[in-house]
Amino acid sequence: MSVTHRLTAPAPGWTAATDVVVVGSGVAGLTVALNVRKAGLRAMVVTKAVLDEGSTRWAQGGIAAALGEGDTPEQHLDDTLVAGAGLCDEEAVRTLVTEGPDAVRRLIATGALFDRGEDGEILLTREGGHHRRRIAHAGGDATGAEISRALVAAVRTDPGVELIEHALVLDLLTDSEGHAAGLTLHVMGEGQRDGVGAVRARAVVLATGGMGQVFSATTNPAVSTGDGVALALRAGAAVTDLEFVQFHPTPLWVGPDAEGQLPLISEAVRGEGAHLVDADGVRFMVGQHELAELAPRDIVAKAITRRMQEQGADHMFLDGRHFGAEMWEHRFPTILATCRAHGIDPVTAPIPIAPAAHYASGGVRTDPRGRTSVPGLYACGEVACTGVHGANRLASNSLLEGLVFAERIAADLADRHAAGELPERTVDVAAARAARPVPLPPSEARAEIQRLMSRGAGVLRSAASMADAAAGLALIAEQAHSHVAEEKPADPRVETWEAANLLLVATALVAAAAQREETRGCHWREDFPERDDAHWRRHLITTLAASGDPVSTPEEQ
């Protein structure tokens with residue numbers, strides 16, 4: 001199988017080589033790089049901004065693992081399966097929860113410093129969907145930042161890991177057998193490597209994070225434009241369950257016209273006892289679920305949205321005034337500072353909140369070793385769909401998933417290398433040239449894509465709303481094609497490549513969401529309000545047709 005679609009871009013002006021190229025510098029990508037080094041393989045980490053600016057650093061709550069007294073992997077598995085609403089791969093979850101505790105201990109050995117009590121034991125908290133305290137945290141509410149710090153420090157001191165920062169990955173390169181042989185990328189800046197280049201490698205690992213920027217309001221950083229999923233689709237890989245986008249219940253509401261990355265109020269705030277209330281101070285989650293404010297995220301986000309609709313309000317409130325100043329300052333210093341920077345003091349007033357796009361439970365389809373349907377192409381972290389999250393991610397399972405499956409990818413690469421199954425690859429230049437170039441929308445299309453998606457495929461969805469979104473997205477694609485025909489194409493540059501990635505991912509997401517005629521997990525259809533196990537307890541697998549259009553096919557039951 002050869003790559004049949006590619007972004008419109010200049011021919012590579014420079015070439016580099018390594019054994020394993022890893023795209024992304026969060027917990028997943030850096031863990032792969034560090035572990036393949038132990039097997040004697042060279043690694044190159046390509047990251048879009050600088051090493052510590054991915055999604056990992058923004059993770060506040062923590063990392064979930066059965067580390068506490070009385071807790072077991074089996075209990076963690078049960079909570080994960082419930083949150084996943086019938087679509088988790090139980091074996092993938094079992095892998096996560098059984099290998100997770102030791103993976104966290106190895107992370108600590110790498111240098112990550114978690115919060116500990118006076119007895120020296122790791123402090124654990126609760127979050128939504130968990131029946132036990134099993135969330136390890138660092139710096140109170142700065143877990144991701146601490147994990148990122150430790151991994152970045154380890155990578156920077158390893159001479160066998162080469163780093164390319166400020167680089168946007170473009171497309172996969174393959175050899176004559178259809179095996180991944182490297183990738184093309186664009187380096188922003190001036191130096192020996194700038195502009196479009198190529199990296200040749202024996203294997204390629206996608207750890208590019210999420211696609212939250214496909215919506216107007218999100219907790220994701222600006223770099224999260226779905227680049228990995230889009231690359232995988234153009235390369236012929238299968239992606240799964242893109243319709244399941246988790247909307248975090250409690251981002252900070254900063255005004256009716258707020259767009260882009262919004263500050264996150266961690267679920268751990270509710271884990272420590274904060275209450276969700278409306279403007280009258282009424283706790284509306286009580287009686288809706290046995291865990292009230294600590295119900296799984298999809299249930300809480302829906303309840304907030306429903307209450308907002310009932311009251312004609314654009315936000316609800318999170319009340320943690322009873323914590324007192326000392327707890328806010330020591331347990332949640334980052335959140336406290338963020339709120340105060342926006343003119344809100346949670347010590348004396350409830351925090352205004354409203355749901356925003358947060359985490360993609362679907363992504364590039366992988367097996368238990370992180371292998372995708374394209375030989376030599378791996379994926380881990382939020383860009384991947386390992387089967388762990390099902391229809392809705394359990395809180396704080398994301399960092400653990402990135403850690404566990406990154407280790408499994410590195411182990412698979414080490415085994416293949418030892419068995420002589422990881423030879424140097426020769427790029428099939430003719431196939432790369434023959435791939436169909438994807439017309440680029442103008443950079444301003446990004447805002448229109450986000451508007452269409454937020455209005456048509458946000459927390460609340462219906463056939464009508466998604467048809468409107470699909471029509472708007474098709475018009476953007478049609479205009480891009482027309483401009484090419486009129487010899488007025490958009491310039492190939494970072495902004496137009498990102499717009500093209502967002503357009504592809506948005507189109508695929510809407511196609512899958514329109515096809516799934518039920519409400520399940522974080523996919524909420526107003527016109528199909530019930531869960532339908534008879535017809536829809538199965539996955540949707542999306543690939544690109546020869547035309548370049550995404551096609552979603554239900555997995556056979």
Side-chain angles (χ1 to χ4, degrees), residues 5 7 168 208-234 237-247 259-261 356-364 382-383 385 438-481 490 494-516 522-525 540-545 547-552:
H5 298 86
L7 288 173
L168 171 65
T208 52
M211 53 186 184
Q213 288 290 327
V214 80
F215 295 97
S216 296
T218 178
T219 63
N220 286 202
V223 295
S224 297
T225 50
D227 307 324
V229 169
L231 176 150
L233 280 168
R234 289 192 298 269
V239 302
T240 304
D241 296 345
L242 288 184
E243 66 271 30
F244 295 117
V245 176
Q246 185 180 81
F247 285 75
E259 294 183 347
Q261 185 180 8
H358 183 55
Y359 189 90
S361 291
V364 184
E382 190 174 352
V383 69
C385 184
V438 175
L440 304 177
S443 57
E444 56 266 27
R446 177 172 179 153
E448 176 64 8
I449 293 166
Q450 293 170 331
R451 184 187 66 80
L452 288 166
M453 292 297 289
S454 291
R455 192 171 63 184
V459 177
L460 301 177
R461 301 167 176 175
S462 67
S465 75
M466 288 186 289
D468 287 344
L473 295 170
L475 180 60
I476 295 172
E478 181 182 327
Q479 290 171 341
H481 281 276
V494 171
E495 292 80 6
T496 55
W497 287 320
E498 286 185 332
N501 286 338
L502 286 170
L503 179 59
L504 176 54
V505 170
T507 303
L509 192 161
V510 169
Q515 194 164 348
R516 183 174 289 278
C522 51
H523 173 65
W524 189 10
R525 290 285 298 260
L540 277 171
I541 302 170
T542 301
T543 55
L544 280 196
S547 63
D549 296 321
V551 177
S552 295

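In what follows, every heavy atom counts, from backbone to side chain, and hydrogens, waters and symmetry copies are set aside. Heads up: numbering here begins at 1 and tracks the sequence.
- In this structure, Arg234 contributes its side chain and Gly548 its backbone to no donor-acceptor pair below 3.5 Å.
- Leu7 has its side chain within reach of Asn501: a pair of non-hydrogen atoms, C-beta onward, lies under 4.5 Å apart.
- Expressed to the nearest 0.5 Å, how far NE2 of His523 lies from CD of Glu243 amounts to 6.0 Å.
- Between the side chain of Ser454 and the main chain of Ser216, a donor-acceptor pair closer than 3.5 Å is present.
- Checked by atom type and distance alone, the side chain of Ser465 never pairs as donor or acceptor with a backbone atom of Arg461 at under 3.5 Å.
- When atom types are taken as modelled, the side chain of Thr218 and the backbone of Gln213 share no donor-acceptor pair closer than 3.5 angstrom.
- Looking at heavy atoms from C-beta onward, Asp468 lies out of side-chain contact with Arg455 at the 4.5 angstrom threshold.
- No donor-acceptor pair closer than 3.5 Å links the side chain of Asp549 to the backbone N or O of Leu544.
- Here the straight-line distance linking atom CG of Leu242 with atom CG of Leu233 works out to 7.0 Å at 0.5 Å rounding.
- Between the Glu382 side chain and the Ala360 main chain, a donor and an acceptor come within less than 3.5 Å of each other.
- Between the side chain of Asp241 and the main chain of Leu540, a donor-acceptor pair closer than 3.5 Å is present.
- Residues Pro550 and Leu504 form a side-chain contact, since some pair of their non-hydrogen atoms from C-beta on lies under 4.5 Å apart.
- Taking CZ of Phe244 as the reference point, atom CG of Leu509 lies at 10.5 Å (rounded to 0.5 Å).
- Between Arg446 and Glu495 there is no salt bridge, since no side-chain N of the basic residue sits under 4.0 Å from a carboxylate O of the acidic one.
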